[in-house]
Amino acid sequence: MWGGRFAGGPSAIMREINASIPFDKALWRQDIAASKAHVAMLAAQGIVSAKDATAIASGLDAIAGEYAANGVPENWDLEDIHMVTESRLAELIGPAAGRLHTARSRNDQVATDFKLWVRDAIDQADAGLRALQVALVTRAGEHAASIMPGFTHLQTAQPVTLGHHLMAYYEMAARDRSRFADCRARLSQCPLGSAALAGTGFPIDREATAKALGFDAPTRNSLDGVSDRDFAIEYLTCAVQCSLHLSRLAEEFIIWASQPFGFVTLPDSLSTGSSIMPQKKNPDAAELVRGHSGRIVGALTSLLVTMKGLPLAYSKDMQDDKVPVFEAASLLTLCLAAMSGMVEGATFRTTRMRAAAELGYATATDLADWLVRQANIPFREAHHITGAAVKLAESRGIALDALPLADLQAIDARITDAVFAALSVDASVASRASYGGTAPQQVKARVAEARVALGLE
Ligand code: ARG
């Protein structure tokens with residue numbers, strides 16, 4: 001394709017280091033779509049004849065059929081998907097194939113193809129996140145009033161509802177979707193027609209190709225058009241943030257599924273057994289989601305370092321943009337599906353969750369608040385009195401509201417029978433009815449809003 005000025009061919013090492021076809025063949029659909037848009041524009045502008053354009057377009061369709069049926073052939077001599085396709089086109093339609101590359105370069109071609117690919121990856125992430133949200137709101141609706149311990153420092157803090165806890169992840173997924181949507185809006189400028197770096201002397205219509213490929217507009221600067229990979233970096237930052245959320249959720253399931261917690265039984269379909277310990281059911285899918293987030297962070301780091309310090313415009317380093325993005329996208333799709341399945345299929349052991357909240361003295365703050373409100377005791381003193389009550393209950397291995405009134409009054413005479421209404425975990429969560437709080441009524445309201453936002457109602 002470029003042999004004109006060369007006396008000798010590339011060495012085996014050169015061919016190997018140069019070839020991107022083993023991975024960029026994943027761009028074949030985008031490459032054919034962009035070529036079809038380009039040749040239709042070339043014909044409309046009178047740059048190639050209608051006859052040649054028709055031959056090129058039907059040749060590209062035939063190649064798409066071949067790729068779909070048999071995969072893309074990997075010929076290292078042809079370097080990349082652009083040359084593999086163009087050379088096949090020449091085999092199919094003859095010399096007219098050579099007119100396709102008028103007024104473009106592989107530099108604007110690859111930037112365009114990759115943007116189209118990333119745009120599809122964003123749509124796929126959005127669909128996966130939506131499915132996760134549906135699973136979360138469904139389970140949150142079932143468990144709007146199921147009590148569990150809420151933690152800070154992974155120490156029992158105050159009772160919350162399981163629905164509230166699950167809806168926290170719904171909010172994270174909502175932010176992830178909005179970040180991906182921002183990224184999609186910003187990538188919507190088409191590089192095609194930037195040519196190698198400087199634009200072209202041919203009378204091309206960049207608006208037309210941008211529109212045909214579903215972009216909002218052409219890129220405004222040809223140097224930037226061919227060398228911008230912000231969209232890929234931005235996609236990866238969105239993927240990283242999303243994968244961190246998935247990793248945190250996975251970690252919750254891993255902890256909850258451990259025997260000392262026993263808050264959840266994971267679906268068999270997303271667990272594995274041990275070859276030596278017959279009693280074991282391991283949360284491997286959740287652990288791999290947690291692990292894969294590290295690889296997605298690595299993908300972002302890889303592309304950041306590749307791009308750092310590259311002068312304008314295209315440099316071959318940029319060929320290394322694809323592998324990390326492809327890897328991150330496929331890992332993210334898998335992780336989203338695994339976590340949706342886990343949320344859908346988990347059996348929540350609400351009796352144990354509730355018992356853990358009761359025995360963890362999660363309502364100690366409620367006792368202190370009651371002393372402040374009902375007995376007009378300063379909070380610091382109330383905190384001290386409550387500590388004594390917790391110590392006593394703990395020494396007997398019972399819940400706070402199982403302490404007899406006489407014992408509570410021995411700690412502080414101002415405590416009355418009315419305190420028990422505040423000490424139950426149900427009273428505690430019901431009292432936290434501030435907007436966004438854990439009260440079942442608040443959780444139900446947020447679930448109802450979320451179902452409308454998801455188009456489920
Ligand atoms: N395979 C190349 C890449 O992925 C395509 C662009 C090559 N351009 C060039 N001038 N060698 O970046």
Side-chain angles (χ1 to χ4, degrees), residues 1-6 9-35 37-38 60 63 67 72-90 97-98 100-121 187 190-200 209 213 219 221-233 235-236 299 302-329:
M1 292 279 174
W2 38 255
R5 73 156 329 277
F6 282 73
S11 70
I13 295 295
M14 185 61 221
R15 272 204 295 273
E16 183 170 352
I17 199 169
N18 203 31
S20 56
I21 186 68
F23 52 88
D24 70 16
K25 62 186 182 179
L27 295 175
W28 73 259
R29 285 190 175 78
Q30 290 75 16
D31 196 64
I32 294 218
S35 287
H38 183 66
L60 289 168
I63 294 171
Y67 289 171
V72 179
E74 264 185 50
N75 182 345
W76 286 7
D77 290 330
L78 293 173
E79 292 184 26
D80 58 25
I81 183 61
H82 323 295
M83 308 249 267
V84 166
T85 301
E86 200 183 319
S87 114
R88 180 64 184 142
L89 187 65
L100 171 59
H101 213 53
T102 314
R104 78 171 186 189
S105 139
R106 280 187 292 156
N107 297 348
D108 58 338
Q109 205 181 345
V110 73
T112 304
D113 294 358
F114 197 30
K115 267 195 174 180
L116 290 171
W117 195 96
V118 169
R119 194 173 70 186
D120 287 348
L187 74 61
C190 183
L192 195 59
S194 299
L197 75 166
T200 175
T209 44
L213 294 169
T219 51
N221 181 299
S222 60
L223 292 167
D224 181 51
V226 292
S227 63
D228 165 34
R229 294 294 182 274
D230 295 8
F231 64 92
I233 291 173
Y235 165 77
L236 287 173
S302 159
L303 185 53
L304 289 172
V305 179
T306 294
M307 293 307 294
K308 176 187 172 300
L310 290 188
L312 295 180
Y314 178 86
S315 298
K316 200 62 174 263
D317 317 40
M318 290 164 69
Q319 179 163 285
D320 282 341
D321 56 0
K322 289 161 211 74
V323 169
V325 169
F326 292 166
E327 184 187 32

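Scope of the values below: all heavy atoms of this structure, side chains included, with no hydrogens, waters or symmetry mates. Residue numbers count from 1 along this sequence. In each ligand, atom 1 is the first atom listed, and ligand 1 is the first ligand listed.
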Can you list, pair by pair, the side-chain donor-acceptor contacts under 3.5 Å of residues 306-314, counting residues two or more places apart and other chains?
residue: Thr306; atom: OG1; partner: Ser302; partner atom: O; Å: 3.0

Original post:
Who passes ring-ring contact (aromatic ring centres under 6.0 Å, His included) against Trp28, sequence neighbours left out?
Top reply: Tyr67

Original post:
Does the side chain of Gln319 come under 3.5 Å of the side chain of Asn18 through a donor N or O and an acceptor N or O?
Top reply: no

Write out each pair where an N or O from ligand 1 and one from the protein are under 3.5 Å apart, with the distance.
residue: ligand 1; atom: 1 (N); partner: Ser20; partner atom: OG; Å: 3.1
residue: ligand 1; atom: 1 (N); partner: Asp80; partner atom: OD2; Å: 2.9
residue: ligand 1; atom: 1 (N); partner: Gln319; partner atom: OE1; Å: 2.7
residue: ligand 1; atom: 4 (O); partner: Lys322; partner atom: NZ; Å: 2.6
residue: ligand 1; atom: 8 (N); partner: Asn107; partner atom: OD1; Å: 2.8
residue: ligand 1; atom: 10 (N); partner: Asn107; partner atom: OD1; Å: 3.1
residue: ligand 1; atom: 12 (O); partner: Tyr314; partner atom: OH; Å: 2.4

**OP:** Can you label the angle between the Trp117 ring and the Phe326 ring as parallel, tilted or perpendicular, going by 30° and 60°?
**Re:** tilted

Original post:
In terms of side-chain geometry, is the basic nitrogen of Glu79 or Lys316 positioned less than 4.0 Å from the acidic oxygen of its partner?
Top reply: yes

**OP:** Would you please name every residue forming a ring-ring contact (aromatic ring centres under 6.0 Å, His included) with Phe23, sequence neighbours left out?
**Re:** none

